[in-house]
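Notes for the one structure printed next.
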2 protein chains.
Amino acid sequence: MSSGNFKHDLFSQFARVGKALSNGNRLELLEFIAQAERSVDELAQVAGLTMANTSQHLRVLKQAGLVTCRKEGLKVYYRLSGDDVLVLLDALRTTAERHLAEVKQLVQSYLTTRDELEPLARQELLDRARDGLVTVLDVRPEEEYAAGHVPGAINIPLQDLESHLADLDPKHEVVAYCRGPHCILAFDAVAKLRDKGFKAARLEDGFPEWRQAGMPVETTH
Amino acid sequence: MSSGNFKHDLFSQFARVGKALSNGNRLELLEFIAQAERSVDELAQVAGLTMANTSQHLRVLKQAGLVTCRKEGLKVYYRLSGDDVLVLLDALRTTAERHLAEVKQLVQSYLTTRDELEPLARQELLDRARDGLVTVLDVRPEEEYAAGHVPGAINIPLQDLESHLADLDPKHEVVAYCRGPHCILAFDAVAKLRDKGFKAARLEDGFPEWRQAGMPVETTH
DNA sequence: TTATTACTCAAGTGATTACTTGAATAGTAG
DNA sequence: CTACTATTCAAGTAATCACTTGAGTAATAA
């Protein structure tokens, strides 16, 4: 009978996945990997970690089965090992947001100082874009945009926004999006645009969620 | 601009939830709490931990926003803080099962030694039960059964199964279920029944998943 | 009142984790 | 071949974690 070992072993295995999610830097790496395949030094740079440290975090994620990697030339590219990992990350964010007062407050205070407009829902964005009422703005880096973006969206990475304001029609409302509901790129973009007199809003969440929801996706060939 | 702190703080908060999921004992407690409200010593007993240790684990789960508690008389009852926690646990299990060879192997070897029959899907169970073709057997303890069970299911806790075999119709197939896809009660029950010559199978997962899927639920008044 | 129960808190210990530093490996370029 | 780049490995340290022990706190019972 017993089976106490089976149970114990099983929960220990589940805990390995939990452990992989138990560190802020690893979660940041995961969110970044969720956008597209990433090399180790890209990841190290964006998360502000050393190569060695990043490599170790990636090893943990890999051993937990959350990411896989392939080697191409000198570089090693990491990606999520499946869509279920996106679901898991989303569940984690959702739970954190619903039950942790600290997260609510953090997002709240950031939103009110940066973005007084309510974020826009996905379907609403598609409708307004189809009617030519809004300009959809993808503020992610070029490679991410190329890997897949919201149909009709134009790509101006955040750091280029200031010098490309002329490309935008001041009469149209601008809807910015980036990597996810907690990616700060879109917040910053909206802040900058509103500062320059544009009417700007954020998409309710980011591109991975858009794709996940089964909305249409355009790629650059 | 900056906002590096916002991002960092946000991921740290998310990691708090991950940390809560990073220990096997805590996951076991969570799965047990997912069934119904539980007192601390019930939880300590089932997980084989000391009271103090259990209490500390529960504090971690509470601070991560995964459970809440209420005091009634001497006892403190813990429960999940929302359905989104069930979703999170399910995502964790799913990811672990899909990507961790160890889990696959563990479940596989356990299934093949204990349960040669394939588990039964939810809707299929309802259909067959409605037609009177199967006996649905809830092998969880009485209190859990009372808190909610599959309509028409009879309750025989695992330890009473041997002495209550006469209550079961040998002509009917028996479908057993318990707390979840990895709860060992149903495995053991099926093993015992098949040992006694019954035709027995497991429900594909357990009662929380049944409830979660919006299937009908019966309670004992 | 004292005793008992159910639980939490606090201090201590060994194990694990995150990160750093420096060396090792593998693939590419000259 | 050597030089260089991207990555991993290995060793060390400070911080954190899991668990134990023993004391402390409410709520109930005698």
**Item:** Candidate list B:Ile33, B:Thr68, B:Leu61, test side-chain contact (heavy atoms from CB on, under 4.5 Å), partner B:Ser81, passing option
**Value:** B:Thr68
**Item:** Results of ring pair (Phe, Tyr, Trp, His ring centres under 6.0 Å) for B:Phe32 - residues two or more places apart only
**Value:** none
**Message:** Classify the ring geometry of B:Phe11 against B:Phe14: parallel below 30°, tilted from 30° to 60°, perpendicular beyond 60°.
**Reply:** perpendicular
Below 3.5 Å is the cut-off: list the nitrogen or oxygen pairs between protein and nucleotides 14-18 of chain D, distance only.
residue : atom : partner : partner atom : Å
D:dA18  : OP1  : B:Arg26 : NH1          : 3.4
D:dA18  : OP1  : B:Arg26 : NH2          : 3.0

**Item:** Any donor-acceptor N or O pair under 3.5 Å, side chains B:Gln13, B:Arg16
**Value:** yes
**Message:** Rounded to whole Å, how long is the line connecting atom CG of A:Leu49 with atom P of C:dT21?
**Reply:** 13 Å
Write out a two-atom table: protein N or O, nucleotide N or O from nucleotides 2-7 of chain D, distance below 3.5 Å.
residue : atom : partner : partner atom : Å
D:dT7   : OP1  : A:Val40 : N            : 3.2
D:dT7   : OP1  : A:Val76 : N            : 3.0
D:dT7   : OP1  : A:Val76 : O            : 3.4
D:dT7   : OP2  : A:Asp41 : N            : 2.8
D:dT7   : OP2  : A:Asp41 : OD1          : 3.4

**Message:** Output the rounded distance in Å from CG (B:Leu43) to P (C:dT8).
**Reply:** 10 Å
**Message:** Quick check for you: to the nearest 0.5 Å, what is the distance between B:Glu42 atom CD and B:Thr54 atom OG1?
**Reply:** 12.0 Å
**Item:** Whole-Å distance separating the CZ atom of B:Arg38 from the P atom of C:dA6
**Value:** 16 Å
**Request:** Return the value, rounded to whole Å, for the distance between atom NZ of A:Lys62 and atom P of D:dT8.
**Result:** 7 Å
**More than 12 heavy atoms of other groups within 6.0 Å of B:Gln63 CD** = yes
**Message:** Looking at B:Gln45, I want to see if its CD is surrounded by more than 12 non-hydrogen atoms of other residues, nucleotides or ligands under 6.0 Å.
**Reply:** no
**Euclidean distance, atom CD of residue A:Gln63 to atom P of C:dA18 [Å, nearest integer]** = 12 Å
**Greater than 12 external heavy atoms within 6.0 Å of B:Glu218's CD** = yes
